[in-house]
Amino acid sequence: MHSAVLLIEFGSIILGLGLLGRFAGRFRLSPIPLYLLAGLAFGEGGLLPLGASEEFVATGAEIGVILLLLMLGLEYTASDLVSNLKTHYPSGLVDCALNALPGAAVALLLGWGPVAAVVLAGVTWISSSGVIAKVLGDLGRVGNRETPVILSVLVLEDLAMAVYLPIVTALVAGVGLLAGSVTLAIALGAAGLVLFLAVRYGRVISRFVSSDDPEKLLLVVLGLTILVAGVAQQLQVSAAVGAFLVGIALSGEVAEGAHTLLSPLRDLFAAVFFVFFGLHTDPSSIPPVLLPALALAVVTALTKIATGYWAARRAGISVKGRWRAGGALVARGEFSIVIAGLAVSAGIEPSLGPLATAYVLILVVLGPLTARYTEPVAMWWSRRRERRDLPETTPRTTEAEAPVAD
């Protein structure tokens, strides 16, 4: 009887997610807000709380995080990452300073303490690669001059995740300074080793994993990823970082084949992850933090626009391209929820989860709008200022200087 209820509940969740995804696609919106709302509806304090399938959904959510980071790693080669790090690291530093500090400041002002401040800094710092990539495709901007700048900022954020996640994992676990330092050293050592092996022996690793049979390739890549993620978690390093490093280590045809095979699984389990996060957020806890979330969303939307503008200006992009780059970076999504989920699971601060949910809901809806309208609005405002200043800068003709009629 228990298994029958589990199948009914989980089947209903998957069917509901599919319908929500189709609805979002019809209006060219990201489905992430709808998935979060679905989780709120079926969680504690929601319309219809789940029972039997919650543990199964929790496991699916873990797999969702692992697949999100694996697919992210498959997008880049190790040489691309090293090149981006050398060329665009100033943009990454500006991005961190402008967008992480507001989150940390809000957490401290609310009296949540330093651990929650580090967590909320990550929530406000990391843009949503998935939402931004989809928006760029929908707007036909993949070939624009500013797009490589946008991608470089996202790549640097992804690299920073490999360092940031182990730190957060150690902090929320409450380990001491020594244990935390060991965890970070292991994470950095593992990341450095994987990058070295991927640059030096990437073809050998890919040849070992490669298979002409799609079934065998899927099983080997998925099994290897989950195994490495489990080992990383056992070593007190984030499982997501382990998955990300596996993705970086694979390249060429293997990476392309794995990406194609794993994309449907990624979409399925990522959707389950967003639902799971919503399940653990009481809808009644959101209204009290809605005002701070809205204020934080407005501030960090502006700081992201400033980040993109500065990075594009540094790369020699035109003014219009700078505004487009800034507007495209506003959306937050999957990784903000991943970071907040670590704190929620550890019970760091009860209000952090609701605030992160409200924050992501606001910016994942606002992000596509800023990507589309930041540049035209900025150009309109610039022309308006020019017209307003024109009479003040144009010399006026006095009566004495006026031409005398014959």
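Positions are given from 1 along the sequence. All values derive from a computational prediction rather than experimental measurement.
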Discussion item. Is the shortest side-chain heavy-atom distance between T307 and S91 below 4.5 Å?
Written reply: no
Applying salt bridge (charged side-chain N to carboxylate O under 4.0 Å, His left out) to E62 and not counting sequence neighbours gives none
Compare all side-chain heavy atoms of V119 with those of I348 and state whether any distance is below 4.5 angstrom. no
Q: Say whether, by atom type as modelled, one donor and one acceptor occur between the side chain of R322 and the main chain of I317 under 3.5 angstrom.
A: yes
CZ of R332 to OG1 of T300, rounded to nearest 0.5 Å, is 4.5 Å
Taken in chain and number order and not counting sequence neighbours, the residues that satisfy salt bridge (charged side-chain N to carboxylate O under 4.0 Å, His left out) with K320 are none
Can you find a pair of side-chain heavy atoms, one from F269 and one from L265, that are under 4.5 Å apart?
yes
*Any side-chain donor near an acceptor of the partner, T303 and N99, under 3.5 Å*: yes
Interatomic distance, CD@E375 vs CZ@R324, rounded to 0.5 Å, equals 5.0 Å
Closest heavy-atom pair, Y164 versus V118, reported as atoms and distance to 0.1 Å, is OH-O, 2.6 Å
**Asked** Would a 4.5 Å heavy-atom cut-off, applied to side chains only, mark V364 and S128 as touching?
**Response** no
- Are any of the side-chain heavy atoms of E157 and L154 separated by less than 4.5 Å? yes
Review point. Are any side-chain N or O atoms of T357 and backbone N or O atoms of G353, one a donor and one an acceptor, separated by less than 3.5 Å?
Key: yes
Residues W112 and S351: closest non-hydrogen pair is CZ2-CB, 3.5 Å
dist R266:CZ -> I66:CD1 (nearest 0.5 Å) comes out at 14.5 Å
Show your reasoning for whether side chain to side chain contact (heavy atoms under 4.5 Å, CB included) applies to H88 and L156. CA-CA 8 Å; H88 298 287; L156 289 167; 3.8 Å; yes
dist S152:OG -> D95:CG (nearest 0.5 Å) comes out at 11.5 Å
Pair E253, S210 - check side chain to side chain contact (heavy atoms under 4.5 Å, CB included), show working. CA-CA 8 Å; E253 294 181 3; S210 177; over 6 Å; no
- Would you call F208 and V220 a side-chain contact if the rule is heavy atoms closer than 4.5 Å? no
Any side-chain heavy-atom pair from I14 and V272 closer than 4.5 angstrom?
yes
Would a 4.5 Å heavy-atom cut-off, applied to side chains only, mark L67 and T225 as touching?
-> no
Sorted by chain and number, sequence neighbours left out, salt bridge (charged side-chain N to carboxylate O under 4.0 Å, His left out) with D212 holds for none
dist L37:CG -> L361:CG (nearest 0.5 Å) comes out at 5.5 Å
Rounding to 0.5 Å, atoms CH2 (W125) and CG (L98) come to a distance of 12.0 Å
Nearest heavy-atom approach of I132 to A328 is CG1-O, 3.2 Å
Tightest non-hydrogen contact, residues A358 and I286, listed as CB-CG2, 4.1 Å
Scanning both residues in full, the closest heavy-atom pair of F23 with L34 reads CD2-CD1, 3.8 Å
Trace of the side chain to side chain contact (heavy atoms under 4.5 Å, CB included) decision for L70 with L222: CA-CA 9 Å; L70 168 66; L222 184 59; 5.6 Å; no
Heavy atoms of A258 and L74 approach each other most closely as CB-CD1, 4.1 Å
Point to revise | T374 side chain vs A371 backbone, donor-acceptor pair below 3.5 Å | key: no
The side chain to side chain contact (heavy atoms under 4.5 Å, CB included) partner of V360 among I337, L355, V365 is I337
- Does the pair R314/E146 count as a salt bridge with the N-to-O cut at 4.0 Å? no
| task | Would you check, one step at a time, whether the test side chain to side chain contact (heavy atoms under 4.5 Å, CB included) holds for I305 with W323? | result | CA-CA 7 Å; I305 292 173; W323 287 116; 3.8 Å; yes
